[in-house]
Amino acid sequence: MQKIPTVHFEAASTLAVVVSSNEPLLFLSDDQKVIAASASFCRAFDIDPKTICGQSLSEIGNGEWALPRLASLLKATALGSATIEAYEIDFQRPNEKTRHLVVNARTLDDGDIDHIRLLLAITDVTDVRAEARLKDDLVRDNAILLQEVQHRVANSLQIIASVLMQSARRVQSEEARGHLHNAHHRVMSIAALQRQLSMSNSGKVELRHYFTQLCQSLGASMIADPDRLSIQVAVDDSAVAADVSVRLGLVVTELVINALKHAFPDERPGAIVIDYHSSGKVWTLSVTDNGIGMPAGRDALKAGLGTGIVEALAKSLNGDIQLSDAGPGTAVTIRHWESAGLRTDISTAA
């Protein structure tokens, strides 16, 4: 019995794999003539499977595969001087929308050592790319909308702050005027945060810039003589989430207001320093003044709304408050040691 050459079995096996593949495949000779095409290729590109074999790649269909760059790359691949990996082409058929294809090609040893064969795989990524563009458009539109909302919120807060200040000028009661001034400063601290968020692309707030803006706003509204009193910011490069920055900003606002009200009586000169440093999940915030220090005995200040707000916010931040003598002056320090998530029980601060 005559022995059938092994090459015939290997070629037949390759052809069977190509024809039955669920992916669009072309089996080409080194001169780019079609040896076999998968049924999925013929369906995808509306080709009659009875006519495709023996045709040159450039002759398939209505000539839409006559792509000089692709032909050049296939020739180089056959010669072993190049490979086609994820080569993208814009594929245009008559009266149809452009399709985006990704092409991969490699030489294939089918047992015929005298001829180089090429296996060409085609993936249609038109829908995938369209979905990606739609997603990008939605993300961009949402970012623009969020920025617009932040601008509107900041503008609204500025209007509220102005109304509070006008009301403070009209009321006769010193106590009521003081409450309105305090409310104005708290609103301004949130307005400063909104400005920071509108400039942030990551949703994080850089504390140095935020605290600087916040203290400039407080100083402009509460310090009549900047040569006598100043507010200084010593903050590292920390950036925190928006909800954390809100609480830290309110803490700084309350402590700075308290120092400006009580630490420098009788036109006493001085400075208030805001310090924030972090290392990993450990951070320390302190507000220190060089004023008259903590009163004692009958002169001790009673805990008010500001104190309650600071305590509630420090608790929500998992921070411990320490009040100490700065010699001269007073230092209020909040330290966060825990690695656990922040609590959100700050309803008492409302």
Quiz item: Roughly how far, to the nearest 0.5 Å, is the OG atom of S245 from the CZ atom of F211?
Solution: 8.0 Å
Quiz item: Taking atom NE2 of H100 and atom CD1 of I89, what is their separation to the nearest 0.5 Å?
Solution: 11.0 Å
Any donor and acceptor pair, going by atom type alone, linking the side chain of [X] with main-chain N or O of [Y] inside 3.5 Å?
{"X": "D289", "Y": "G270", "value": "no"}
{"X": "E23", "Y": "S40", "value": "no"}
{"X": "S38", "Y": "F41", "value": "yes"}
{"X": "N104", "Y": "A86", "value": "yes"}
{"X": "R335", "Y": "I321", "value": "no"}

Exercise. Verify the distance criterion only: is there a donor paired with an acceptor across the side chains of T333 and Q322 at less than 3.5 Å?
Key: no
Self-check item: Pair R106-T77, side-chain donor/acceptor within less than 3.5 Å
Solution: no
Practice problem: Only pairs at least two apart or in different chains count here, so list each salt bridge (charged side-chain N to carboxylate O under 4.0 Å, His left out) that has a residue in residues 256-275. | Solution: R228-E267
Practice problem: Any salt bridge (charged side-chain N to carboxylate O under 4.0 Å, His left out) involving residues 77-86? Give me the pairs, sequence neighbours left out, ordered by first then second residue. | Solution: none
Self-check item: side chain to side chain donor-acceptor pair (under 3.5 Å) contacts touching residues 122-135 (sequence neighbours left out)
Solution: E88-R129, R99-D124, D124-T126
Quiz item: side-chain hydrogen bond (donor to acceptor under 3.5 Å, both in side chains) with Q216: which residues, sequence neighbours excluded?
Solution: none
Self-check item: salt_bridge(R208, D237) N-O dist < 4.0 Å
Solution: yes
Exercise answer: donor-acceptor pairs, residues 58-70 side-chain atoms, under 3.5 Å, sequence neighbours excluded:
unit_1: E59; atom_1: OE1; unit_2: S56; atom_2: N; d: 3.2
unit_1: E64; atom_1: OE1; unit_2: N62; atom_2: N; d: 2.8
unit_1: E64; atom_1: OE2; unit_2: R93; atom_2: NE; d: 3.2

Exercise. Under 4.5 Å between side-chain heavy atoms, chaining through other members, with only Ile, Leu, Val, Met, Phe, Trp and Tyr counted: pull out the rest of the cluster around V273, sorted by chain and number.
Key: none
Quiz item: Transitively linked via ILVMFWY side-chain contacts under 4.5 Å: I122 with V34?
Solution: yes
